[in-house]
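What follows is one structure encoded as structure tokens, with my remarks underneath.
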Amino acid sequence: MDLGIKGRRAIVCASSKGLGRACAMALANEGVHVTLTARGAEALKKTADEIRKAHPTVTVTEVAGDITTPAGREAALKACPDPDILINNAGGPPPGDFRNWTRDDWIKAIDANMLTPIELIKATVDGMMARKFGRIVNITSAAVKAPIEILGLSNGARAGLTGFIAGLSRKTVIANVTINGLLPGPFVTDRLTGTAKPEAEKRGITIDQVLAERAKLNPAGRFGDPEEFGYACAFLCGAKAGRFVQLVRRAKHVEDGREAKVEDIVENEDIDAHGNNDTKNDVLANTSLGRVSLESSEQLPTLNTQERFTC
Ligand code: NAP
């Protein structure tokens, strides 16, 4: 499928590894020129070179820096001042017990996983609206809908972003600018391994054992491959995805035990003239391994236990 975004420009934050890298690769695959960011210059260059090699016709720009700082954001925006596509991403907050978290820990999590995306949206959304095209995807976490006890910093900061976006996205879609959240379930990345470590230490077993147990709980019997996440992201950035906004998804396709397909993604209800949609029928981008859901709702429904194994 040609997503109709060849020649568009994207900023893909935190993209030297993992989910961000996969999004950058999938967008480049569609002919999108990509600006990549990460703190570590070496891994960033490696990824940029891999994308250049795989997609020689696209321009790949690397910006080494911390996207959660004003300087990091400024550098990314200087390299790509008028992006058509913005993929917001940053490392996730550490797990832990809220009794040990200080105000600084909370501010750091909110800065990285709520205020940084908002700042980047603030810097780019008006230009997108003026040009009548924009696709913004916030990589958050399934924890937004199925909070995970040890990831309280993540639950809180990302839910805050989701609530904010729920309001803003209703105002931008009129100008063909969509803002959506992609809520990954478990995907095989460094982050996944990192979240398994405390449990492995607590139970005196290996990280691999923890991961194997968790993978078995997934209806697919395995974790997601970041490449699949990248495809879901590229789809949301497509020219024909101009009404994908403000969507809620539940895991019904997973619970049905069937593999979700692209048709599942378009099962959303129409947004009415006021930008509202009836969320009874939900939307799913399930990549058949890890779950990916689209979310920007103010609702945080209680989910069943089957849905709570994600990281
Ligand atoms: P990952 O494999 O650890 O990759 C993180 C990437 O982000 C790296 O390229 C890293 O490079 C970059 N990065 C981290 N902090 C940064 C910063 N402050 N500024 C610029 N770049 C930064 O992680 P991932 O699994 O792809 O996770 C991406 C996001 O999805 C995280 O917020 C994570 O919590 C969330 N998530 C992941 C999963 C999963 O199963 N993987 C599930 C739910 C949610 P540098 O370290 O060099 O900066």
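Ligands are counted one by one from 1 in listed order, and the atoms in each one are counted from 1 as well.
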Any G72 heavy atom less than 4.0 Å to ligand 1: no
Any side-chain heavy-atom pair of E213 and K216 under 4.5 Å: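 Sidechains of K216 and E213: no contact.
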Residue pair F98 / L153, side-chain heavy-atom distance below 4.5 Å: no
Short N or O distance, [X] and ligand 1, threshold 3.5 Å exclusive:
{"X": "G40", "answer": "yes"}
{"X": "R191", "answer": "yes"}
{"X": "N113", "answer": "no"}
{"X": "L19", "answer": "yes"}

Selection from A112, P186, G224, G185 by shortest heavy-atom distance to atom 42 (C) of ligand 1: G185
Proximal candidate to atom 19 (N) of ligand 1 [heavy atom criterion; set T140, L183, T37, I67]: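 Checking each option, the heavy atom nearest atom 19 (N) of ligand 1 is found in I67.
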Identify, by atom number and element, the atoms of ligand 1 in contact range of [X], meaning under 4.0 Å from any of its heavy atoms.
{"X": "G65", "result": "19 (N), 20 (C)"}
{"X": "S141", "result": "43 (C), 44 (C)"}
{"X": "S16", "result": "8 (C), 9 (O), 11 (O)"}
{"X": "R158", "result": "31 (C), 32 (O), 33 (C), 34 (O), 35 (C)"}
{"X": "G92", "result": "31 (C), 32 (O), 34 (O)"}
{"X": "I139", "result": "30 (O)"}
{"X": "A90", "result": "29 (C), 31 (C), 32 (O)"}
{"X": "T68", "result": "18 (N)"}

Six-ring centre of F223, R214 cation under 6.0 angstrom, axis tolerance 45°: no
Reference residue D49; test side chain to side chain donor-acceptor pair (under 3.5 Å); the match among K45, K46, K53: K45
Modelled atom types, side-chain donor and acceptor of N176 and R135, under 3.5 Å: yes
Donor on one side chain, acceptor on other, D105 and T102, under 3.5 Å: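 Yes, a side-chain donor-acceptor pair sits under 3.5 Å.
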Proximity to ligand 1 by part of A14, non-hydrogen separation under 4.0 Å: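 It is both parts that get close, each with some atom under 4.0 Å.
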N/O donor-acceptor pairs under 3.5 Å from side chains in residues 70-82, not counting sequence neighbours:
| residue | atom | partner | partner atom | Å |
| --- | --- | --- | --- | --- |
| R73 | NH1 | I67 | O | 3.2 |
| R73 | NH1 | T68 | O | 3.2 |
| R73 | NH1 | T116 | OG1 | 3.0 |

Could you tabulate the donor-acceptor pairs under 3.5 Å formed by side-chain atoms of residues 31-39, not counting sequence neighbours?
| residue | atom | partner | partner atom | Å |
| --- | --- | --- | --- | --- |
| H33 | ND1 | T59 | N | 2.9 |
| T37 | OG1 | A14 | N | 3.0 |

Polar side-chain atom of N155 near backbone of V144 as donor-acceptor pair, under 3.5 Å: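 The answer is no, because no donor-acceptor pair under 3.5 Å joins these two groups.
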